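For reference, the structure discussed in these notes is given below.
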Protein chains: 2
Amino acid sequence: MTEPVFPSIAIIGTGLIGASIARAAAEYGAAGSVNLYDVSDDVRQRAAGLGLGDVAETLQAAVADADCVLLCVPVGALAAVAAAAVPHMKTGAILTDVGSVKGEAAAALMAADDGRVHIIPGHPIAGTEQSGPEAGFATLFRDAWHILTPGPSTDEAYLAGVDALTRFWQALGSKVETMDSARHDRVLAITSHLPHLIAFNIVATAFDMETVEQGEVVKYSAGGFRDFTRIAASDPVMWRDVFLTNKEAVLECLGRFSEDLAVLQRAIRWGDGDMLMREFTRARTIRKAIIDAGQDSSAVNFGRNPHLDKETGES
Amino acid sequence: MTEPVFPSIAIIGTGLIGASIARAAAEYGAAGSVNLYDVSDDVRQRAAGLGLGDVAETLQAAVADADCVLLCVPVGALAAVAAAAVPHMKTGAILTDVGSVKGEAAAALMAADDGRVHIIPGHPIAGTEQSGPEAGFATLFRDAWHILTPGPSTDEAYLAGVDALTRFWQALGSKVETMDSARHDRVLAITSHLPHLIAFNIVATAFDMETVEQGEVVKYSAGGFRDFTRIAASDPVMWRDVFLTNKEAVLECLGRFSEDLAVLQRAIRWGDGDMLMREFTRARTIRKAIIDAGQDSSAVNFGRNPHLDKETGES
Ligand SMILES: NC(=O)c1ccc[n+]([C@@H]2O[C@H](COP(=O)([O-])OP(=O)(O)OC[C@H]3O[C@@H](n4cnc5c(N)ncnc54)[C@H](OP(=O)(O)O)[C@@H]3O)[C@@H](O)[C@H]2O)c1
Ligand SMILES: NC(=O)c1ccc[n+]([C@@H]2O[C@H](COP(=O)([O-])OP(=O)(O)OC[C@H]3O[C@@H](n4cnc5c(N)ncnc54)[C@H](OP(=O)(O)O)[C@@H]3O)[C@@H](O)[C@H]2O)c1
């Protein structure tokens with residue numbers, strides 16, 4: 001990096017995503033200075049201890065000098081945080097977020113608009129099952145998609161803001177895409193929100209089967225169940241907010257999912273092997289498409305068998 | 001290894017599991033000689049080319065000298081293969097299998113019983129999403145559970161057979177457990193069969209959402225969906241047979257799953273955030289239990305971020 005994209009940024013909420021942005025911005029020289037704030041005293045102290053940037057004692061102090069303010073709090077907290085931040089921001093500064101539901105995020109940010117700042121909601125398609133400042137790392141956004149959902153303004157200064165924010169995320173290693181927030185929420189409902197809901201649910205079901213002990217579920221989880229428990233370990237507050245704020249799109253996907261599952265259930269009950277074969281064969285092709293698109297590693301079994309490549313040299 | 005557990009074994013079906021047994025038996029000295037047979041000319045040739053052992057031209061030739069015959073074919077093929085194998089086996093030899101449904105496997109093997117061989121069904125809780133002989137590797141069974149479901153016989157020779165088969169799997173690196181086949185099928189229905197069905201189903205649902213393009217599903221799959229596609233890439237024939245033969249236990253789990261999902265659906269529809277928080281918090285604990293039990297790697301995000309540990313030294 002020759003010049004930082006923004007002389008100064010402020011990160012509000014220093015959990016997994018906020019801490020990762022702080023580390024990446026410093027590592028790749030995307031920002032001159034990084035100011036941080038978190039509502040929790042404890043988290044602020046841990047963020048300072050990790051050397052993530054200048055940790056401010058108040059939200060107002062953190063945002064005052066920033067050219068770009070990034071809200072990295074759960075979606076349900078965005079409205080309050082945006083309302084508290086905007087009056088203290090510099091005129092012409094950018095206000096963005098990383099929330100997983102963009103309709104709600106846009107509404108929350110727009111409600112705080114006083115005409116002086118550029119509101120450009122965004123969402124990194126990157127994360128892990130961990131949370132908190134210790135979980136952050138600089139390479140989280142590398143080769144990941146970042147979706148911006150800018151407003152309809154064709155104002156020159158606004159478009160320059162969108163351009164700068166795009167370059168900022170590119171400097172962090174992301175590939176940036178723009179779309180409208182309704183489309184974002186429909187796409188993410190099926191690619192992210194429904195998978196998480198299903199994972200949470202199957203874990204609950206397994207817990208409550210009184211015919212099988214919990215210890216056995218854990219012991220024999222290598223049969224497939226463990227794959228689901230990774231995303232079911234994700235932050236409960238974040239996910240509660242996602243489901244409360246992307247209700248319609250999630251319920252639509254869920255309806256489809258249940259309908260499809262009823263068809264498989266019927267095929268099992270009536271022993272319709274041909275139908276099962278057709279569905280399972282179709283499912284197989286999508287893994288290949290995802291690997292070919294660079295959206296997952298080709299490591300067999302998620303790389304859980306470290307000696308695999310060395311041994312056969314084939315797989 | 002000082003002495004091989006069996007002077008000679010025969011592996012029928014040289015796909016992922018059969019080829020892995022062949023490689024492991026040779027690597028860890030668990031068998032003196034390894035004979036192989038597969039129904040497919042092409043697979044037999046590939047198995048020979050990979051140097052997996054002595055590939056026979058007929059099933060009869062493969063099993064004739066074996067002290068232990070391991071059937072590694074889809075569950076639906078077990079009955080025919082067992083019936084063809086038993087008359088040509090040595091008196092006192094062991095007949096076992098690796099099928100994922102033990103009630104059905106036991107019935108298939110017992111139907112072929114002529115009183116001369118020891119029938120001891122089994123199931124390794126180890127596998128990958130790949131199939132075919134090229135996918136096999138020697139370390140597949142290391143630290144994995146192997147479940148044996150022996151019959152009720154207290155005959156000394158039979159018990160000695162169970163003991164020898166236990167030592168064979170231990171030599172391959174497995175931890176061996178015995179249980180009755182009904183219990184096995186109930187436990188595996190929730191830890192393996194239901195997760196696979198759900199994974200197949202969510203992939204089908206995503207394919208068929210006409211409001212979202214397939215390309216977008218692939219592109220943004222890092223949001224969670226990709227985790228499900230790994231197990232949905234598993235062999236269709238194998239899984240068809242599992243669902244056709246463990247019908248009752250799978251339908252029972254599926255009923256529970258749908259019931260639990262309806263409760264989550266209602267909580268989303270009515271905005272019951274407390275209920276969602278409770279369920280999601282509970283789900284989080286099981287990941288930790290699985291990692292603590294050594295049943296999955298603790299690598300964040302399935303180790304997809306290779307620079308993670310180097311950078312922060314924390315996570
Ligand atoms: N995790 C992912 O995979 C992922 C991926 C893409 C986008 N996102 C989005 O990123 C955002 C943050 O998620 P995360 O994973 O980084 O969560 P996280 O690790 O839990 O961090 C969120 C942080 O925000 C703090 N916070 C909550 N309310 C606040 C407020 N009013 N003012 C200031 N700070 C506040 C929290 O403090 P307390 O702990 O004290 O509440 C916490 O430290 C969410 O909107 C989520 O939708 C997450
Ligand atoms: N994959 C796993 O994760 C896993 C884990 C534990 C247990 N298992 C069990 O292991 C068994 C084999 O699975 P796999 O993953 O190894 O499948 P695979 O890679 O598809 O191998 C099965 C092999 O058996 C052959 N075969 C089919 N019918 C046969 C017959 N009548 N006589 C001889 N060979 C025959 C197949 O030939 P064609 O290809 O020509 O049909 C194929 O080469 C199944 O019972 C499965 O339930 C699998």
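Lettering of chains follows the sequences in order, A, B, ..., and the numbering in each one begins at 1. Keep in mind that this is a model prediction, so the values were computed, not measured.
Ring geometry for A/W145 versus B/Y220: interplanar angle over 60°, hence perpendicular rather than tilted (30 to 60°).
Put simply, the side chain of B/N201 gets close to the backbone of A/L261: a donor and an acceptor are under 3.5 Å apart. Within the 3.5 Å criterion, the main-chain N or O of B/A232 finds no donor-acceptor partner in the side chain of A/R287. Between the side chain of B/E129 and the main chain of A/N301, a donor-acceptor pair closer than 3.5 Å is present.
Using a 4.5 Å cut-off between heavy atoms, A/M238 makes no contact with chain B at all. Both the backbone and the side chain of A/I268 have a heavy atom closer than 4.5 Å to some heavy atom of chain B. Looking at A/T211, the atoms closer than 4.5 Å to chain B (heavy atoms on both sides) sit in the backbone and in the side chain alike. In this structure, chain B has a heavy atom under 4.5 Å from the side chain of A/E279, while its backbone stays farther away. At a 4.5 Å heavy-atom cutoff, the contact between A/L197 and chain B is made by backbone and side-chain atoms alike. Only the side chain of A/R183 comes within less than 4.5 Å of a heavy atom of chain B; its backbone N, CA, C and O stay farther away. For chain B, the nearby part of A/E177 is the side chain; its heavy atoms alone come within less than 4.5 Å.
For the residue pair B/P195 and A/F228, the shortest heavy atom distance occurs at O-CZ, 3.2 Å. Across all their heavy atoms, A/C253 and B/T205 have their closest contact at O-CG2, 4.2 Å. Contact record, A/A222 with B/I125: CB-O, 4.1 Å, taken as the closest heavy-atom pair.
For the options A/M275, A/E248, A/K247, A/E252, heavy-atom pairs under 4.5 Å to chain B are most numerous at A/K247. Between chain A and the residues B/S258, B/A289, B/A267, B/G273, the most heavy-atom pairs under 4.5 angstrom are made by B/G273. The greatest number of non-hydrogen atom pairs below 4.5 Å with chain A, out of B/S234, B/A189, B/A299, B/A126, is found for B/S234. By number of non-hydrogen pairs under 4.5 angstrom with chain B, the leading residue of A/V250, A/D208, A/L194, A/L188 is A/D208. Contacts with chain B were tallied for A/L140, A/L251, A/L276; A/L251 has the most, counting heavy-atom pairs under 4.5 Å. The candidate from B/G271, B/G224, B/P236 with the greatest count of non-hydrogen atom pairs under 4.5 Å with chain A is B/P236. Between chain B and the options A/R186, A/H196, A/M209, A/R269, heavy-atom pairs under 4.5 Å are most frequent for A/R269. Of the listed residues (B/V212, B/I231, B/D296, B/V263), the one with the most heavy-atom contacts under 4.5 Å to chain A is B/D296. Per-residue counts of heavy-atom pairs under 4.5 Å with chain B were compared for A/K219, A/R256, A/Q265; the largest is that of A/K219. Contact tally against chain A (heavy-atom pairs below 4.5 Å) for B/D241, B/D292, B/T245, B/I198: the top residue is B/I198. Taking chain A as the reference chain and counting heavy-atom pairs below 4.5 Å, the highest number among B/V203, B/T191, B/V218 is found for B/T191. Put simply, of A/T281, A/N246, A/I286, the one with the most heavy-atom pairs under 4.5 Å next to chain B is A/I286.
Taking 4.5 Å as the limit, some side-chain heavy atom of A/M277 sits within range of a side-chain heavy atom of B/V237.
For the residue pair A/R284 / B/S131, a side-chain donor-acceptor distance below 3.5 Å is found, with atom types taken as modelled. In this model, no donor atom of one side chain and acceptor atom of the other lie less than 3.5 Å apart for A/R142 and B/N305.
Between A/D227 and B/R230 there is a salt bridge, with a side-chain nitrogen of the basic residue lying less than 4.0 Å from a carboxylate oxygen of the acidic one.
In this structure, B/R240 forms no cation-pi arrangement with A/F280, as its terminal cationic atom is not both closer than 6.0 Å to the ring centre and no more than 45° off the ring axis.
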Worksheet item: Where do B/F257 and A/I202 land on the side chain to side chain contact (heavy atoms under 4.5 Å, CB included) test, with the steps shown first?
Response: CA-CA 6 Å; B/F257 176 87; A/I202 199 170; 3.8 Å; yes
Worksheet entry | side chain to side chain contact (heavy atoms under 4.5 Å, CB included) between B/F302 and A/R304, worked out | CA-CA 8 Å; B/F302 289 138; A/R304 285 172 181 131; 3.2 Å; yes
Item to complete: Apply side chain to side chain contact (heavy atoms under 4.5 Å, CB included) to the pair B/T285 and A/F207, showing each step before the final yes or no.
Response: CA-CA 11 Å; B/T285 60; A/F207 256 120; 3.8 Å; yes
Worksheet item: Are A/S221 and B/I290 close enough, and set up right, to give a side chain to side chain contact (heavy atoms under 4.5 Å, CB included), and what steps lead you there?
Response: CA-CA 7 Å; A/S221 59; B/I290 285 173; 3.7 Å; yes
